[in-house]
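Atom set for the values below is all heavy atoms of this structure, side chains included, hydrogens, waters and symmetry mates excluded. This one's a predicted model, so the numbers in the text were calculated from it and none came from an experiment. In each ligand, atom 1 is the first atom listed, and ligand 1 is the first ligand listed.
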Amino acid sequence: MKIVRVEAIPFAIPYRKPLKFASGEVHSADHVLVRVHTDEGLTGTAEAPPRPYTYGETQESIVAVIDRIFAPQIMGLTALEREAVHEKLDRTIGNPTAKAAIDMALWDILGQAAGMPVSGLLGGWTDRMRVSHMVGFAPADIMVAEAIRIRETYGITTFKVKVGRQPYTDDVEACRALREALGADVELYIDGNRGWSASESARALREMDGLGLTFAEELCPADDVLGRRWLVARSPIPFIADESATRPAEVTRELLGGSATAISIKTARTGFTASQRVLHACEGLGVEVVMGNQIDGQIGTLCTVTFGAAHRTTSRHAGELSNFLDITDDLLAEPLTIENGTLRIREGAGLGTAIDPDKLARYRQDR
Ligand code: MUC
Ligand code: MG
């Protein structure tokens, strides 16, 4: 199972409609396909989504760091030596999605070699997750129409509403319109991507009191250290850290510092190995977790559901697993389908991220 080659292949697939939120917007899935090959002919597959507004990575930087630094460092190690692999990768600061894709590709190899699904190797709790859909910025009536279409088409009943606009009252209006149109049975929570100040966030939460929101995520920057602590201490609902808690140490810092009371776990940035560290820390500290989405394509989404379904705590809340619906196509040989508001894991050996070679040839950017 020795690693003999690591490929980092840039590809681009257009979106049907852009997803807009307070820290950026996405029009095209300009991701990197990561394939780790072994001397026994196994190939582990995962994807890295560049999110410059969150991690500073670009498609070019992900390809470069894998080609020039990570691949040479891990050559000759095996999928059973993930601690050694991570010791090498961690010599380079940052680059979370590049590191996470390598980690998940190694788990894919492990599963294939063992003839077992990765979800079972991770924990094997269940075979599916309820899906939460992210509603991006638009006028309130368009956001409502989108949520209704998603509920009718896919049976999804949990929505994460993007907030953080100026003035904050536009978002209050959108959340109110969503609750009125969708009724009491849907779950709604909000994500500000650091768009508001602490005082705007507090006013917005107060004005949204009564809408039955379950969580508030990254309403203001964690770098506003005292303002954020002040806000979190007063929040009537658990306050999720997402982009402020991207590594196990940051999770500890934000939770113990009073800047968060719940955590978004994203396999796109912590892979499976470090996501388990984050999850176990959260379980030990007694805070809730949500499986987040790094605006993943289908490969990344399959990784997220594989991890989320594998563990009891991550399965308690709907996972953010539907961003791929906005993308016109994908690379998976067997596309994902959301039915009755749920997404299933793959039952076969490994992750189930087999790639359609014709689609890869069509969308790759390096030839
Ligand atoms: C989310 O949960 O914030 C948007 C920016 C990012 O880092 O992730 C997405 C979704
Ligand atoms: Mg978020």
Please answer whether the main-chain N or O of Cys220 pairs with a side-chain N or O of Arg228 as donor and acceptor at a distance below 3.5 Å.
-> yes
A student checking ligand 1 against Asn293 at a 4.0 Å heavy-atom cut-off should list atoms 8 (O), 9 (C), 10 (C)
Tell me: protein heavy atom nearest atom 1 (C) of ligand 1, and distance?
-> Lys162 NZ, 3.1 Å
With heavy atoms of Thr54 as the reference, note each atom of ligand 1 found under 4.0 Å away.
-> 5 (C), 6 (C), 7 (O)
May I ask you to decide whether Asp356 forms a salt bridge with Arg362, counting only side-chain N to carboxylate O separations under 4.0 Å?
-> no
Find all atoms of ligand 1 within a distance of less than 4.0 Å from any non-hydrogen atom belonging to Met134, and give their numbers and elements.
-> 10 (C)
Here the atoms of ligand 1 under 4.0 Å from any heavy atom belonging to Glu217 are 2 (O)
Is a side-chain donor-acceptor pair under 3.5 Å present for Thr304 with Glu320?
-> no
Which one of Thr267, Asp103, Thr270 satisfies the side-chain hydrogen bond (donor to acceptor under 3.5 Å, both in side chains) criterion with Ser275?
-> Thr270
Give the atoms of ligand 1, by number and element, whose distance to some non-hydrogen atom of Lys266 is under 4.0 Å.
-> 1 (C), 2 (O), 3 (O), 6 (C), 7 (O), 8 (O), 9 (C), 10 (C)
Could you walk me through whether Glu217 and Lys160 pass salt bridge (charged side-chain N to carboxylate O under 4.0 Å, His left out), step by step?
-> CA-CA 9 Å; Glu217 179 170 320; Lys160 169 156 116 171; 2.9 Å; yes
Specify the protein heavy atom at minimum distance from atom 5 (C) of ligand 1: its residue, its atom name, and the distance to 0.1 Å.
-> Phe21 CE1, 3.5 Å
Note: ligand 1 atoms sitting under 4.0 Å from heavy atoms of Ile295 are 4 (C), 9 (C)
Just distances here: any N/O of Asp191 and N/O of ligand 1 closer than 3.5 Å?
-> yes
With no hydrogens and no angle check, is any side-chain donor or acceptor of Asp326 less than 3.5 Å from a backbone partner on Tyr15?
-> no
Can you name the N, O or S atom of Asp242 that is closest to the Mg ion (ligand 2)?
-> OD2
What is the nearest protein non-hydrogen atom to atom 6 (C) of ligand 1, stated with its residue, atom name and distance?
-> Gln294 NE2, 3.1 Å
May I ask you to list the atoms of ligand 1 that are less than 4.0 angstrom from any heavy atom of Asp242?
-> 1 (C), 2 (O), 3 (O)
So if you build clusters from Ile, Leu, Val, Met, Phe, Trp, Tyr with side-chain heavy-atom gaps below 4.5 Å, do Phe215 and Met134 land together?
-> no
Find all atoms of ligand 1 within a distance of less than 4.0 Å from any non-hydrogen atom belonging to Lys160, and give their numbers and elements.
-> 1 (C), 2 (O)
Any N/O/S atom of Asp191 sitting less than 2.8 Å from the Mg ion (ligand 2), backbone or side chain?
-> yes
Is it true that Arg51 lies under 4.0 Å from ligand 1, counting heavy atoms only?
-> no
Indicate yes or no: does an N/O atom of Asn193 lie under 3.5 Å from an N/O atom of ligand 1?
-> yes
Strictly by modelled atom types, are Asn340 and Thr342 linked by a side-chain donor-acceptor pair under 3.5 Å?
-> no
Of all N, O or S atoms in Glu217, which has the smallest distance to the Mg ion (ligand 2)?
-> OE2
Electrostatic pair Arg277-Glu83, nearest N-O below 4.0 angstrom | yes
Strictly by modelled atom types, are Ser61 and Glu57 linked by a side-chain donor-acceptor pair under 3.5 Å?
-> no
Can we say Glu87 and Arg91 salt-bridge, meaning some charged N sits less than 4.0 Å from an Asp/Glu carboxylate O?
-> yes
